[in-house]
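Comments concern the structure below.
Order of appearance sets the numbers: ligands from 1, and atoms from 1 within every ligand. Keep in mind it's a predicted model, so treat the numbers as computed, not measured. Keep in mind that the numbers below use all heavy atoms, side chains included, and drop hydrogens, waters and symmetry copies.
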Amino acid sequence: MTTPQSSSEKSIRHVDAVVIGAGTAGHNAYRQISKVTDNVVIINEGIWSTTCTTMGCMPSKLLIAAADRAYHSNHSDEFGVEGNATINGKQVMKRVQDERDRFAGFALKSVDSWDENNKIYGRAIFSESGLIEAHTAEGDTQYIKADHIIIATGSKPFVPEGWKLSLGDTLLTSDTIFELPDLPKSMAVVGAGAIGLELAQAMSRLGVEVVIFNRNNIVGGLRDEEINQKAIACFSNELDLRLNTTIDSVTRDDSGDTPQAVIHYTDADGKAQTWRGEKVLAATGRRNTLHTLGLEHVGVELDKSNRPLNFNRVTGKIEGTNIYIVGDANAYMPLLHVSSNEGFLSGKEVALKISGRADDVSMSEAIANDSDSTNNSNMLNDISPEKSQTETTAMAVMFTEPQIMNVGQSLLQIKEKGLPHVIGEVSFDNQGRSRVMGVNCGLLRIYACPETHLILGASMVGPDAEYLAHILATAITNQVDIDGLLASPFYHPTILEGLRTALRDTSSKIKKYSS
Ligand SMILES: Cc1cc2nc3c(=O)[nH]c(=O)nc-3n(C[C@H](O)[C@H](O)[C@H](O)COP(=O)(O)OP(=O)(O)OC[C@H]3O[C@@H](n4cnc5c(N)ncnc54)[C@H](O)[C@@H]3O)c2cc1C
Ligand SMILES: NC(=O)c1ccc[n+]([C@@H]2O[C@H](COP(=O)([O-])OP(=O)(O)OC[C@H]3O[C@@H](n4cnc5c(N)ncnc54)[C@H](O)[C@@H]3O)[C@@H](O)[C@H]2O)c1
């Protein structure tokens with residue numbers, strides 16, 4: 001519906017709901033709302049195929065898949081299998097791009113099926129009057145008034161100031177690295193977080209000369225120093241990790257045949273050093289863009305880290321407003337499954353409100369009856385009326401080798417809160433199946449409450465960490481205690497038997513604590 005405004009000559013479109021951002025969170029929210037109304041708009045600048053499929057989770061895992069093939073072909077001598085794999089960089093990148101485009105195609109097919117009248121290609125901001133202004137690529141501005149607003153604007157790579165200008169096209173971010181037509185000869189990866197570790201190891205395994213710089217002595221953002229030290233030890237077996245370094249300046253040298261990136265840095269011993277090579281990957285974090293949206297005009301306050309205040313961690317709703325902020329945009333847990341769940345739940349809640357069913361249908365019933373909700377069933381406990389609303393159990397996995405995983409509360413959080421806890425652990429250095437498979441480097445630590453015997457959290461570097469993460473997150477979510485987990489069968493010989501050893505260690509420490 002379009003209402004002409006005589007005073008300002010503006011044409012204001014009044015909609016039931018607007019979704020800003022067409023990534024995973026925005027797609028999920030839009031799909032739910034469009035089930036109950038056609039009077040919904042989704043505004044998006046840039047790609048419509050989602051960060052995860054196009055420049056995030058999927059292309060990074062495709063690159064890692066190629067890298068692991070290469071690495072194991074060349075590093076199986078101890079098994080009596082000698083190999084000398086040739087890496088065809090162009091074919092590596094072609095498969096990454098072809099498969100990535102296939103995944104992106106599914107997302108775009110869904111977008112194509114949406115009513116063209118409901119899609120606006122442009123950038124949204126809030127005006128002083130509280131209207132949403134959509135600035136389109138053609139230079140038009142559309143004015144929108146919405147009864148419900150879902151902000152799903154994601155995050156962008158953070159690049160230190162001046163680097164783009166100094167490094168030009170020798171600088172890569174996760175937005176550009178998957179577009180390379182071939183593998184570079186050498187690369188500095190700045191940042192040893194999730195993106196830095198995953199991509200540095202993949203590139204190194206594909207024969208690129210890689211060094212990783214990190215400003216502190218922490219890899220993968222680990223908050224348990226023992227796991228951190230173990231991770232550093234495991235990765236140092238194959239990666240050139242330069243931790244505790246300060247990048248003083250970056251420049252570019254165009255004097256030779258190929259442009260060279262140059263990094264001047266101070267190493268861990270305080271010595272001035274220089275690195276030269278073909279590319280620099282800035283993996284120095286991602287930032288949301290909430291501060292650029294004019295949210296102050298609609299009563300949303302942000303903290304120093306650009307996170308919304310008065311925020312419901314389950315649905316993303318800003319209390320006292322009709323606004324939801326979901327996915328990477330709220331900067332609380334910038335992970336795919338969280339973006340997906342938050343987009344779905346906010347969209348579902350808005351759909352129930354629009355259809356006037358919010359009061360008579362509980363969210364759990366709505367989800368149980370929803371054919372799209374299979375991925376979101378873990379949220380049922382969080383939002384059923386019988387239980388108070390709680391946050392999703394935190395879970396993160398890094399797809400390095402060995403993998404890193406964290407679930408529940410970190411050791412740092414537990415200590416800061418002063419919670420009573422014991423720590424049970426297992427080393428994977430000599431664990432049976434890990435040794436059989438030649439993947440024996442790792443450590444798992446489980447933090448448990450000695451009073452309730454419940455798991456508070458866990459951290460691990462080691463093989464199959466992705467599966468252990470899911471088991472432990474399920475136990476935390478469903479409040480299965482240590483004995484409950486130990487009562488489950490563990491097949492022999494599996495890497496998961498390591499989990500049983502850690503649980504037994506936790507159990508014996510609980511007994512000692514209590515006696
Ligand atoms: C290299 C890499 C690897 C990753 N690997 C994993 C992984 O293995 N597992 C995992 O769980 N997570 C992973 N992630 C994180 C995951 O990709 C994100 O958490 C997820 O994609 C965020 O989805 P979203 O919907 O919040 O945002 P996005 O998908 O980024 O969507 C936001 C959309 O909003 C648009 N937009 C922004 N501002 C505006 C505006 N003002 N107006 C209109 N539109 C706007 C953007 O252009 C974009 O289209 C990875 C990320 C990267 C970069
Ligand atoms: N497997 C996964 O789930 C996965 C994979 C990739 C990315 N992600 C998501 O993407 C987010 C962003 O990842 P990221 O790795 O870019 O960010 P991050 O915040 O995890 O890590 C950034 C790292 O860069 C370092 N750093 C920052 N500035 C630096 C500087 N000037 N010099 C040296 N080091 C510097 C930091 O100390 C930190 O170790 C993650 O938090 C995660 O949510 C998830």
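- Between the side chains of E349 and Y324, a donor-acceptor pair is found at a separation under 3.5 Å.
- If you number the atoms of ligand 1 from 1 as listed, the ones under 4.0 Å from a heavy atom of I43 come out as 43 (C), 44 (N).
- In terms of polar-atom proximity, defined here as any N/O pair under 3.5 Å, I218 makes no such contact with ligand 2.
- Protein heavy atom at the shortest distance from atom 11 (O) of ligand 1 is L336 N, 2.9 Å.
- Residue contacts with ligand 1 for L199 are absent, since no atom lies close enough (heavy atoms, distance under 4.0 Å).
- The closest heavy-atom contact to atom 27 (O) of ligand 1, among the options G154, G46, G56, comes from G154.
- Taking the charged nitrogens against the carboxylate oxygens, D253 and R276 do have a contact shorter than 4.0 Å, which makes a salt bridge.
- When P334, G285, S155 are ranked by how near their heavy atoms come to atom 16 (O) of ligand 2, first place goes to G285.
- Looking at atom 6 (C) of ligand 2, its nearest protein heavy atom turns out to be I195 CG1, 3.4 Å.
- Considering only non-hydrogen protein atoms, atom 53 (C) of ligand 1 sits nearest to R286 NH1, 3.3 Å.
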| task | Applying side-chain hydrogen bond (donor to acceptor under 3.5 Å, both in side chains), run through H264 and S249 and close with a yes or a no. | result | CA-CA 5 Å; H264 299 288; S249 66; 4.5 Å; no

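- Counting only non-hydrogen atoms, the option in N216, I212, V397, L336 that gets closest to atom 2 (C) of ligand 2 is V397.
- Residue-level proximity to ligand 2 for A283 is carried by the backbone, the only part with a heavy atom below 4.0 angstrom.
- Looking only at atom types and distance, the side chain of T50 has a donor-acceptor partner in the side chain of T53 under 3.5 Å away.
- Scanning all protein heavy atoms for the shortest distance to atom 35 (C) of ligand 1 gives N44 OD1, 3.1 Å.
- Cation-pi geometry between R13 and Y143 is not met: the NZ or CZ atom fails to fall both under 6.0 Å from the ring centre and inside 45° of the normal.
- Ligand 1 is approached by G122 to a heavy-atom distance shorter than 4.0 Å.
- Distances below 4.0 Å separate heavy atoms of I47 from the following atoms of ligand 1: 49 (O).
- Under the 6.0 Å cut-off for aromatic ring centres, W114 and Y30 qualify, their centroids lying closer than that.
- Every atom of ligand 1 with a heavy atom of K61 under 4.0 Å away is listed here by number and element: 5 (N), 6 (C), 7 (C), 8 (O).
- By the criterion of a heavy-atom distance under 4.0 Å, the side chain of S339, and not its backbone, is placed next to ligand 1.
- Close approach to L293 involves these atoms of ligand 1, each under 4.0 Å from a residue heavy atom: 41 (N).
- Looking from atom 4 (C) of ligand 2 to the surrounding protein, the closest heavy atom is A194 CB, 3.8 Å.
- Within ligand 2, the atoms closer than 4.0 Å to a non-hydrogen atom of L335 are 3 (O), 43 (O), 44 (C), numbered from 1 in the order shown.
- Atoms of ligand 2 found under 4.0 Å from any heavy atom of G191 (numbered from 1 in listed order, with element): 23 (C), 24 (O), 25 (C).
- Residue R215 holds the heavy atom nearest to atom 35 (C) of ligand 2 of all those in M333, M405, R215, H337.
- Regarding atom 44 (N) of ligand 1, its nearest protein heavy-atom neighbour is E45 N, 3.1 Å.
- Remark: D224 does not engage K415 in a salt bridge, criterion side-chain N to carboxylate O under 4.0 Å.
- Atom numbering of ligand 2 starts at 1 in the shown order; those under 4.0 Å from a heavy atom of F399 are 1 (N).
- Atoms of ligand 2 lying under 4.0 Å from at least one heavy atom of V190, given by number and element, are 32 (N), 33 (C).
- Looking only at protein heavy atoms, the nearest one to atom 15 (C) of ligand 1 is P334 O, 3.8 Å.
- Short contacts between ligand 1 and S60, defined as distances under 4.0 Å to a heavy atom of the residue, involve ligand atoms 3 (C).
- Below 3.5 Å of separation, one finds an N or O of D328 facing an N or O of ligand 1.
- If you look at T245 next to ligand 2, there are no close heavy atoms at all, none under 4.0 Å.
- For ligand 1 and S174, the ligand atoms under 4.0 Å from any heavy atom of the residue are 1 (C), 53 (C).
- The closest approach between a heavy atom of M55 and any atom of ligand 1 is below 4.0 Å.
- Atoms of ligand 2 found under 4.0 Å from any heavy atom of E198 (numbered from 1 in listed order, with element): 1 (N), 2 (C), 5 (C).
- Between T284 and ligand 2, a contact under 3.5 Å exists for no N or O pair.
- One option in P160, G193, P157, C57 has a heavy atom closer to atom 18 (P) of ligand 2 than any other, and that option is G193.
- Remark: ligand 1 and S155 share no N or O pair separated by less than 3.5 Å (distance only, no angle test).
- The nearest protein atom to atom 25 (O) of ligand 1, hydrogens excluded, is given as A25 N, 2.9 Å; this is a heavy-atom distance.
- For ligand 1, the atoms closer than 4.0 angstrom to any heavy atom of G327 are 26 (O).
- Geometrically, ligand 2 and I247 share no nitrogen or oxygen pair separated by less than 3.5 Å.
- Heavy-atom distances between W48 and ligand 1 stay at or above 4.0 Å for every pair.
- Here H27 has no heavy atoms under 4.0 Å from ligand 1, in either its backbone or its side chain.
- At under 3.5 Å, not a single nitrogen or oxygen of T50, backbone or side chain, sits near a nitrogen or oxygen of ligand 1.
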| task | Verify side-chain hydrogen bond (donor to acceptor under 3.5 Å, both in side chains) between D16 and T37, making sure each step is shown before the conclusion. | result | CA-CA 8 Å; D16 293 333; T37 179; 2.7 Å; yes

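- Under 4.0 Å is where a charged nitrogen must lie from a carboxylate oxygen, and between R123 and E133 no such pair does.
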| request: Could you please spell out the steps behind the side-chain hydrogen bond (donor to acceptor under 3.5 Å, both in side chains) verdict for S110 and S113? | output: CA-CA 5 Å; S110 169; S113 71; 4.8 Å; no

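- For G221, the closest heavy-atom approach to ligand 2 does not fall below 4.0 Å.
- Each of the atoms 10 (O), 12 (C) of ligand 2 lies under 4.0 Å from some heavy atom of R286.
- Contacts between A152 and ligand 1, counted as non-hydrogen atom pairs separated by less than 4.0 Å, involve the backbone only.
- Residue T51 has at least one heavy-atom neighbour below 4.0 Å for each of these atoms of ligand 1: 21 (O), 28 (P), 29 (O), 30 (O).
- The only member of R102, K94, R100 that meets salt bridge (Lys or Arg N to Asp or Glu O under 4.0 Å) when paired with D98 is K94.
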| task | May I have the step-by-step check of side-chain hydrogen bond (donor to acceptor under 3.5 Å, both in side chains) for H72 and E401, ending in yes or no? | result | CA-CA 11 Å; H72 293 293; E401 195 172 319; 3.1 Å; yes

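- In terms of protein heavy-atom proximity, atom 31 (O) of ligand 1 is nearest to G23 CA, 3.2 Å.
- When only non-hydrogen protein atoms are considered, atom 16 (C) of ligand 1 lies nearest to C57 SG, 4.0 Å.
- Inclusion of V326 in the set of residues having an N or O under 3.5 Å from an N or O of ligand 1 is not warranted.
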